[in-house]
Amino acid sequence: MTRVGSARRAGLGASAIAVVGAIGLVGCAAADGDSGPRVVVTTNILGDVASELVGDAADVTTLMKPNADPHSFEISAQEAATLQSAELVISNGLGLEEGVEQHLEAAADAGAPRFIAADHLETIPYAEKANGPDPHFWTDPARMIDVVEALETELGEIGIDVSANAAAYLEDLAELDAEMSDAFARIPNEHRALVTNHHVFGYLADRFDFEVIGAAIPGGTTLASPSAADLDELATAIDSSGVPAIFAESSQPDRLMQVLRSEADIDVAVIELFTESLTEPGGDADTYLSMMRENTERITTGLTSERTP
């Protein structure tokens, strides 16, 4: 099992608060015109993290709205222009932002500096039936620690000092990592298996010793469609594993997971998780930290229950 950033697992801190910006974009856009350097972020998960680091030192604009799908969200011409005028463009990488990748490349060609989060961590391949490295690294807080440390350095190089905020947030992440380890330790070994809409929990499984049985959509993107054979194969795996719960993502309807439960002819719970997008402010997953804590509680509760015969 890969252990990334294991020396940085200590400390206490407060959860971050996502801020909704102006001009129709999500993020910390300036209220009264440009007040400092502009940082533009693709996904709202990374937007929340960047906002915690930057604080008042720069304006952070997040392109992806709450409850959106990072694989399919698109941006306007105005938002694309914002990318090209940014002091720093932050993206996830590894093909996650399929709908905006052409705009990210155009901004880079126009001279906008890029920070690609996945370039700063140890990646893993998908569990099955998908090619290339898995882009969903944020399900492992230890890898998010690596991203935060690299982003602190990157921001410093363009004159944005975030050292104090970064130190506090790194403590928050280390505390989160410890909480997740403690919670997952309560799950019996025979129940430490995950089935989801599509492959999104590879890094969590790698970090916390879970087995990824499979996904309803056999690939790395929500834009694919499962075949009848795919569903039958996965239903058989669910039945033989004996897991008491399977999981559906909040950004995707749980219809496929309900079909799986019906196909397998077993009484298995279908539990919603927040995986690829934050919620609106005030929701159960309106920050990265709250999202991870909520998912940890739901996974632990679901997999420590008993399946009805």
Side-chain angles (χ1 to χ4, degrees), residues 1-6 9-16 45 48 124 127 134 136-145 171-216 234 237-252 254 256-258 260-261 264 266-279 283-309:
M1 180 182 69
T2 303
R3 302 282 179 172
V4 182
S6 60
R9 314 262 202 272
L12 300 173
S15 294
I45 292 173
D48 173 63
I124 61 174
D134 186 342
H136 306 94
F137 65 83
W138 62 85
T139 60
D140 174 10
R143 284 176 167 89
M144 186 62 87
I145 285 174
E171 289 183 352
D172 290 347
L173 292 174
E175 181 183 9
L176 171 66
D177 184 82
E179 289 175 6
M180 292 176 68
S181 294
D182 291 343
F184 291 149
R186 302 199 300 269
I187 301 174
N189 287 337
E190 63 270 20
H191 287 178
R192 298 178 72 86
L194 297 170
V195 179
T196 57
N197 281 49
H198 84 289
H199 288 295
V200 70
F201 283 109
Y203 289 94
L204 182 145
D206 180 64
R207 171 71 183 87
F208 298 106
D209 292 324
F210 284 84
E211 177 186 2
V212 178
I213 295 178
L234 188 52
I238 294 170
D239 192 34
S240 62
S241 70
V243 291
I246 58 180
F247 302 96
E249 300 167 68
S250 60
S251 64
Q252 295 289 319
D254 71 348
L256 284 176
M257 306 306 281
Q258 298 290 355
L260 274 173
R261 182 169 66 175
I266 51 177
D267 188 7
V268 59
V270 178
I271 298 174
E272 182 183 82
L273 297 179
F274 304 97
T275 56
E276 295 192 302
S277 178
L278 302 184
T279 60
D284 289 335
D286 58 355
T287 70
Y288 171 70
L289 297 177
S290 64
M291 178 186 77
M292 296 296 289
R293 289 190 169 104
E294 186 68 26
N295 285 341
T296 297
E297 179 181 348
R298 295 186 185 193
I299 291 171
T300 302
T301 299
L303 295 182
T304 52
S305 62
E306 294 295 328
R307 180 195 285 187
T308 302

Original post:
Side chain of Arg186, backbone of Thr300: donor and acceptor closer than 3.5 Å?
Top reply: no

**OP:** Answer yes or no: is there a donor N or O on one side and an acceptor on the other, between the side chain of Ser241 and the main chain of Ile238, under 3.5 Å?
**Re:** yes

**OP:** Please report the closest heavy-atom contact between Ala245 and Ile271, naming both atoms and the distance.
**Re:** CB-CD1, 3.8 Å

**OP:** Could you tell me whether the side chain of Phe210 reaches within less than 4.5 Å of the side chain of Leu303, counting heavy atoms only?
**Re:** yes

**OP:** Taking the side chain as every heavy atom from C-beta outward, state whether Phe274 and Ile45 have any pair of such atoms under 4.5 Å apart.
**Re:** no

**OP:** For the pair Thr279 (side chain) and Ala285 (backbone), establish whether a donor and an acceptor sit closer than 3.5 Å, ignoring hydrogens and angles.
**Re:** yes

**OP:** Kindly give the heavy-atom pair with the smallest separation between Val212 and Phe201, and that separation in Å.
**Re:** CG2-O, 4.2 Å

Original post:
Taking C-beta and beyond as the side chain, do Ser181 and Arg207 meet within less than 4.5 Å on heavy atoms?
Top reply: yes

Original post:
So, for Ala248 and Val270, which heavy atoms are closest and what is the spacing to 0.1 Å?
Top reply: CB-CG1, 4.2 Å

**OP:** May I ask you to test the His191-Thr304 pair for a side-chain heavy-atom distance under 4.5 Å?
**Re:** no

Subject >> Test side-chain contact (heavy atoms from CB on, under 4.5 Å) applied to Leu194 and Val243, Ile299, Ile213, Leu273, the passing residue >> reply: Ile299

**OP:** Measure the spacing between CE of Met291 and CG of Leu176 and express it to the nearest 0.5 Å.
**Re:** 9.5 Å

Original post:
Between the main-chain N or O of Arg298 and the side-chain N or O of Thr301, is there a donor-acceptor pair closer than 3.5 Å?
Top reply: no

**OP:** Find the distance between CG (Asp206) and CZ (Arg143) and round it off to the nearest 0.5 Å.
**Re:** 5.0 Å

Original post:
Just wondering, do Leu289 and Leu173 contact through their side chains at under 4.5 Å, heavy atoms?
Top reply: yes

**OP:** May I have the step-by-step check of side chain to side chain contact (heavy atoms under 4.5 Å, CB included) for Thr296 and Glu179, ending in yes or no?
**Re:** CA-CA 9 Å; Thr296 297; Glu179 289 175 6; over 6 Å; no

Original post:
How many angstroms lie between atom CE of Met292 and atom CH2 of Trp138, to the nearest 0.5 angstrom?
Top reply: 10.5 Å

Original post:
Are Asn295 and Leu204 close enough that some pair of their side-chain heavy atoms sits under 4.5 Å apart?
Top reply: no

Original post:
Just wondering, do Asp48 and Leu278 contact through their side chains at under 4.5 Å, heavy atoms?
Top reply: yes

